[in-house]
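Working notes, structure below.
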Amino acid sequence: MAAAVGEQLAGWSRGRESGTGARRREVVVAPWARRLAAERQTRHSGRNPLRGIQHPAGLHRMMTAIVPHHYRIAGAVTTGSSVALEFRHIPNLIGADDYRNVMALHLPGTTPVIGRHFCSLGLARLAGAETWAQAEDQLETQQRRKGNWGKTTQKIPDPQAFWNGVRILADLLRKRGAIDYSARRRALSELLEVPYDSLFSIFRPVRMGVTRQRQRHAAAWIWEALTGSPARDSPVYAGGWEGLSVASVTEARRKFHDRVPESAARALTLWGLEWLDEKGTGPQDDPRAAGAVGDPVRSWSAH
């Protein structure tokens with residue numbers, strides 16, 4: 001497309017005028033158009049591919065109009081667009097199914113895990129956070145970008161459609177019932193491993209063995225399933241594991257998530273909900289419990 005635009009510009013420069021004026025315009029515009037075509041064919045990691053090219057006179061305003069600035073998109077929370085949602089009722093990661101069905105098309109080129117977290121921050125913005133950094137603070141995000149979401153916001157083709165999608169997410173959360181994710185995080189910060197006997201009863205029907213590492217990975221799995229936060233942020237992994245590299249623990253966590261059968265996943269979810277109830281968070285309906293339909297527990301998986 002850029003090549004065609006380049007040829008059109010060059011053609012325009014040759015055909016619209018004659019004589020000295022046409023030659024002068026061709027000298028200025030045609031080389032720039034060829035450079036534009038060449039630049040647009042390379043990858044730029046979400047940055048403006050024209051950043052290193054000096055625009056000919058008269059074209060700067062045109063390019064400014066058609067290349068949206070990421071600060072304009074990032075600040076596109078319009079007045080009156082807030083939602084009746086408390087920060088504690090927003091997960092750090094929206095469900096994978098919700099992201100795929102509602103939001104993925106609004107964030108092309110964004111990895112699902114980053115996109116799901118960004119949409120949660122979007123919910124926090126509509127709930128009252130004035131900046132992305134404040135949204136991270138309100139959701140108690142552990143691995144923060146300090147509001148630096150420029151590359152992600154640049155990928156939003158239609159800001160209005162994006163925020164409409166976030167409002168749909170807010171409606172879905174309200175219809176499913178309020179879950180206090182903040183209270184869950186506080187309670188589950190004390191769960192550093194699932195007791196051997198409990199995990200044995202969960203894994204025995206699916207013929208999975210119980211090891212100390214699996215007891216710890218199971219606790220982090222419950223953390224992710226019930227708090228809507230990445231398993232890697234679980235206190236289980238704080239400070240590392242003695243004698244094991246971070247890469248080794250990360251790979252073991254990924255394999256654990258991939259290999260837990262659906263029936264065991266539902267049992268882990270129920271065990272975690274009962275554990276929370278015993279800790280005083282109170283019984284809360286959760287669509288990822290055993291009676292749910294349609295891949296409920298894995299909808300949160302982020303490894």
Side-chain angles (χ1 to χ4, degrees), residues 45-46 90-100 103-104 107 109-121 136 139-146 148-149 151-152 181-182 184-196 198-200 202-203 206-269 271-272 275-276 288 295-303:
S45 302
I90 302 174
N92 273 199
L93 293 171
I94 67 168
D97 290 340
D98 288 341
Y99 181 73
R100 180 171 54 251
M103 298 302 300
L107 291 169
T110 302
T111 60
V113 172
I114 291 177
R116 290 165 59 197
H117 179 50
F118 183 70
C119 290
S120 290
L121 295 178
E136 290 177 320
L139 297 190
E140 303 171 349
T141 303
Q142 294 194 29
Q143 299 186 24
R144 307 185 186 189
R145 294 190 180 188
K146 298 180 180 179
N148 185 20
W149 287 92
K151 287 186 177 180
T152 302
Y181 293 104
S182 181
R184 286 185 173 187
R185 284 193 295 270
R186 289 194 299 272
L188 286 169
S189 66
E190 302 176 10
L191 181 66
L192 301 182
E193 63 179 46
V194 175
Y196 180 93
S198 298
L199 193 58
F200 180 82
I202 292 172
F203 280 175
V206 295
R207 298 183 179 181
M208 286 185 66
V210 177
T211 65
R212 175 71 190 290
Q213 288 192 19
R214 284 183 173 177
Q215 288 177 252
R216 300 169 81 178
H217 286 308
W221 190 99
I222 291 172
W223 164 275
E224 181 177 284
L226 298 184
T227 69
S229 301
R232 66 174 181 270
D233 291 345
S234 166
V236 168
Y237 302 113
W241 289 5
E242 185 177 355
L244 294 174
S245 67
V246 173
S248 175
V249 174
T250 299
E251 178 62 14
R253 180 177 68 239
R254 184 192 66 78
K255 290 180 178 179
F256 183 88
H257 279 254
D258 288 343
R259 294 176 180 177
V260 173
E262 191 63 36
S263 59
R266 284 193 291 267
L268 278 172
T269 303
W271 187 92
W275 190 90
L276 284 172
R288 295 177 301 285
D295 196 24
V297 284
R298 293 193 185 279
S299 66
W300 292 92
S301 181
H303 306 335

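Here, residue 1 is the first one in the sequence, and each next residue gets the next number. Basis for what follows: all heavy atoms, side chains included, without hydrogens, waters or symmetry-related copies.
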* **Side-chain (Thr250) to main-chain (Val246) donor-acceptor, under 3.5 angstrom** => yes
* Assess the side chains of Glu190 and Trp275: does a donor N or O sit below 3.5 Å from an acceptor N or O? => no
* **Euclidean distance, Ile94 CD1 relative to Met103 CE, rounded to 0.5 Å** => 6.5 Å
* To do: Carefully, step by step, assess Ile222 and Thr269 under the rule side chain to side chain contact (heavy atoms under 4.5 Å, CB included).
  => CA-CA 6 Å; Ile222 291 172; Thr269 303; over 6 Å; no
* Asked: Rounded to the nearest 0.5 Å, what separation is found between the CD atom of Glu224 and the OG atom of Ser229?
  -> 8.5 Å
* Asked: Would you find a donor on one side and an acceptor on the other, under 3.5 Å apart, between the side chain of Thr227 and the backbone of Arg184?
  -> no
* **Backbone N/O of Arg186 and side chain of Ser189: donor-acceptor pair under 3.5 Å** => yes
* **Interatomic distance, Asp97 atom CG to Arg100 atom CZ [nearest 0.5 angstrom]** => 4.5 Å
* Distance-minimising heavy-atom pair for Leu107 and Cys119 -> CD1-SG, 4.0 Å
* State plainly whether the residues Asp258 and Lys255 are in salt-bridge range, i.e. N to O under 4.0 Å. => no
* **Check: Pro91 main-chain N/O paired with Ser120 side-chain donor or acceptor under 3.5 Å** => yes
* **Closest contact, heavy atoms only, Ala220 versus Ala231** => O-CB, 3.8 Å
* **Nearest-0.5 Å distance that lies between atom CZ in Phe203 and atom CG in Leu268** => 5.5 Å
* Asked: What pair of heavy atoms forms the shortest contact from Ile202 to Val206, and how long is it?
  -> O-CG2, 4.2 Å
* To do: Would you verify whether the NZ or CZ of Arg216 falls within 45 degrees of the ring axis of Trp241 while also being under 6.0 Å from that six-membered ring's centre?
  => yes
* Taking it one step at a time, do Ser198 and Trp271 satisfy side-chain hydrogen bond (donor to acceptor under 3.5 Å, both in side chains)? -> CA-CA 8 Å; Ser198 298; Trp271 187 92; 3.2 Å; yes
* For ring-ring contact (aromatic ring centres under 6.0 Å, His included), just list the numbers for Trp149 and Phe118, CA-CA rounded to whole Å, side-chain angles, deciding distance to a tenth of an Å, and then say yes or no. => CA-CA 8 Å; Trp149 287 92; Phe118 183 70; 5.4 Å; yes
* Asked: How far does OH of Tyr99 sit from OG1 of Thr110, to the nearest 0.5 angstrom?
  -> 5.0 Å
* Quick one: closest heavy-atom pair of Val113 and Leu93, and the distance? => O-CD2, 3.6 Å
* Does His117 use its side chain to pair, donor to acceptor, with the backbone of Asn92 at less than 3.5 Å? -> yes
* To do: Taking the six-membered ring of Tyr237 (Phe, Tyr or Trp), confirm whether the NZ or CZ of Arg253 is under 6.0 Å from its centre and within 45° of its axis.
  => yes
* Ala219 and Leu192: which non-hydrogen atoms are nearest, and at how many Å? -> CB-C, 3.8 Å
* **Under 3.5 Å donor-acceptor, Gln215 side chain and Val194 backbone** => yes
* To do: Heavy atoms only: give me the nearest Arg259-Met208 pair and the separation to one decimal.
  => O-SD, 4.2 Å
* Kindly compute the distance separating OG1 (Thr111) from CD1 (Ile114), expressed to the nearest 0.5 Å. => 3.5 Å
* Asked: Is a side-chain N or O of Trp223 found less than 3.5 angstrom from the main chain of Pro230, in a donor-acceptor match?
  -> yes
